[in-house]
Amino acid sequence: MTITDSTGAEARSADESRVLELCEQLLTELPPKQTAPAEFLGRQFDLGLAWVHFPEGHGGLGLSPRLQKLANDTLARAGAPRAGGLNPIGHGMGAPTVVTHGSEAQKQRYLRPLFTNEEIWCQLFSEPGAGSDVAGLSSRAVRDGDEWVVNGQKVWTTLAHVSRWGMLVARTDPDAPKHRGLTYFVVDMHAPGVEVRPLYQITGEAEFNEVYFTDVRIPDAERLGEVGEGWRVSLTTLMNERVSIGGQTPPRGTGFVGELMKTYAATGPHDAATRDRVMRLWVRAEVLRLTNVRAGQNRSQGTPGPEGSIGKLAMADVHKDISACAVDLLGAEGTLFPTGYPMARPETTALWNNAQQAFLRSRANSIEGGTTEIMKNILGERVLGLPGDIRTDKDRPWIEVPRS
Ligand SMILES: Cc1cc2nc3c(=O)[nH]c(=O)nc-3n(C[C@H](O)[C@H](O)[C@H](O)COP(=O)(O)OP(=O)(O)OC[C@H]3O[C@@H](n4cnc5c(N)ncnc54)[C@H](O)[C@@H]3O)c2cc1C
């Protein structure tokens, strides 16, 4: 609770003071400029400042998630390394899934190197025949003693080429209806039988991949959650994914809209209509930012609910429109790709390298992490209470559902 004193000024709550004291301890012990990022982040984890709402001993302090922003802002101002940039899927989705559903041994094993970016994570959900309908997936895991044998194909797997671990959902009971026959595993991406092949995007880069599993053996100890409970575990990943992609709260006027303002300043002179267009985009970006700040402050638990889809939905449109405006401001230069078309293999997901790349990359924002249509379905059904989508296969055994 934040206490207000007799003058109306906000005094620090005990929890806020604790977070700030620990930040100060960390910055004193390991000045960021003189410390390797992994060492700094490791100590941040040990002090409970990685995810303050996680339990003590697992990178947290058991406090409200809203205090994380206080820790992040304080450390960032002092020049600390940013935790999630190199491992966005691990930080945004892997960690909350492990802490919610993992065994004690799994939490001990996975969370720290995930936070320090020493072990990168990827998400192995989508398949050629199962994207929006991910519960309909076909990759099979068959039990063999203390192990599972996995065969199948995943697709669009971001950063699989640099990943140590993958969050894998596979079908373990084809006779059950689709949502009830799934099991969730953490798979070693270096295990025999895992093959990662690049998939090139419209930007010419291959951030993502196809991943083939041929008789890959996963120890049962690396199962996350119960057998047949894979959908429930997946929902934790998916809910966090939406906020991880669309719930960012960068400082005002930074991020995509900050880049647009730089392009605006570097081009011109501009007419009133262009100024009006840029101003409207600035306002939309700020409304999204404030909506996300408010949602973060209202969140009493770590994992967001269905309302988390609103930021993802809005962010896709805002990013597309901002980058399109920036390309327009560049005039004829906007039609040229400034870095050539290098067929690069990025080690992280860069959303804005230059206006042209951002314009092309942001086309995917309304697809990745759940499409805009699916976000609207979630918001319509689960937030607004509108009638549900038609789902004829929901209660049928998966094996009997026709598929291509
Ligand atoms: C850049 C990028 C990165 C990605 N990274 C990953 C990753 O790391 N891991 C991973 O597992 N996946 C990843 N994906 C995959 C992504 O989650 C899927 O592409 C997405 O869920 C859509 O699935 P789909 O491509 O199979 O399209 P489909 O599900 O076939 O959809 C096709 C079209 O039909 C619409 N549609 C489908 N169902 C409905 C419905 N019920 N109501 C209304 N409209 C509907 C969709 O909105 C879409 O317009 C990534 C995708 C992109 C573009």
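These numbers come from a predicted model, not from an experiment. Counting convention: from 1, in listed order, for ligands and their atoms alike.
By the 4.5 Å heavy-atom criterion applied to side chains, D393 and D133 are counted as neighbours.
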As a test of reading the model: which N/O atoms of the protein lie under 3.5 Å from N/O atoms of ligand 1, and at what distance?
from: ligand 1; atom 1: 5 (N); to: W156; atom 2: O; distance (Å): 2.8
from: ligand 1; atom 1: 5 (N); to: T158; atom 2: OG1; distance (Å): 2.7
from: ligand 1; atom 1: 8 (O); to: W156; atom 2: O; distance (Å): 3.3
from: ligand 1; atom 1: 8 (O); to: T158; atom 2: N; distance (Å): 2.9
from: ligand 1; atom 1: 8 (O); to: T158; atom 2: OG1; distance (Å): 3.2
from: ligand 1; atom 1: 9 (N); to: Q123; atom 2: O; distance (Å): 2.8
from: ligand 1; atom 1: 9 (N); to: Q123; atom 2: OE1; distance (Å): 3.3
from: ligand 1; atom 1: 11 (O); to: Q123; atom 2: O; distance (Å): 3.3
from: ligand 1; atom 1: 11 (O); to: F125; atom 2: N; distance (Å): 3.1
from: ligand 1; atom 1: 11 (O); to: S126; atom 2: N; distance (Å): 2.8
from: ligand 1; atom 1: 11 (O); to: S126; atom 2: OG; distance (Å): 3.2
from: ligand 1; atom 1: 12 (N); to: S126; atom 2: OG; distance (Å): 2.7
from: ligand 1; atom 1: 23 (O); to: S132; atom 2: N; distance (Å): 3.2
from: ligand 1; atom 1: 29 (O); to: S132; atom 2: N; distance (Å): 2.9
from: ligand 1; atom 1: 29 (O); to: S132; atom 2: OG; distance (Å): 2.6
from: ligand 1; atom 1: 41 (N); to: D389; atom 2: OD2; distance (Å): 2.9
from: ligand 1; atom 1: 42 (N); to: N377; atom 2: ND2; distance (Å): 3.2
from: ligand 1; atom 1: 47 (O); to: T371; atom 2: OG1; distance (Å): 2.7
from: ligand 1; atom 1: 47 (O); to: E373; atom 2: OE1; distance (Å): 2.6

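A donor and an acceptor atom, one from each side chain of T100 and T236, are nowhere located under 3.5 Å apart. Using modelled atom types and a 3.5 Å distance limit, the side chains of N209 and R345 yield a donor-acceptor pair. T214 and E195 form no side-chain donor-acceptor contact under 3.5 Å, judged by distance and modelled atom types alone.
Cation-pi check for R363 over F359 is met; the charged atom lies under 6.0 angstrom from the ring centroid and within 45 degrees of its normal.
For residues 285-340, the pairs satisfying ring pair (Phe, Tyr, Trp, His ring centres under 6.0 Å) are F256-H319, F337-Y341, with sequence neighbours left out.
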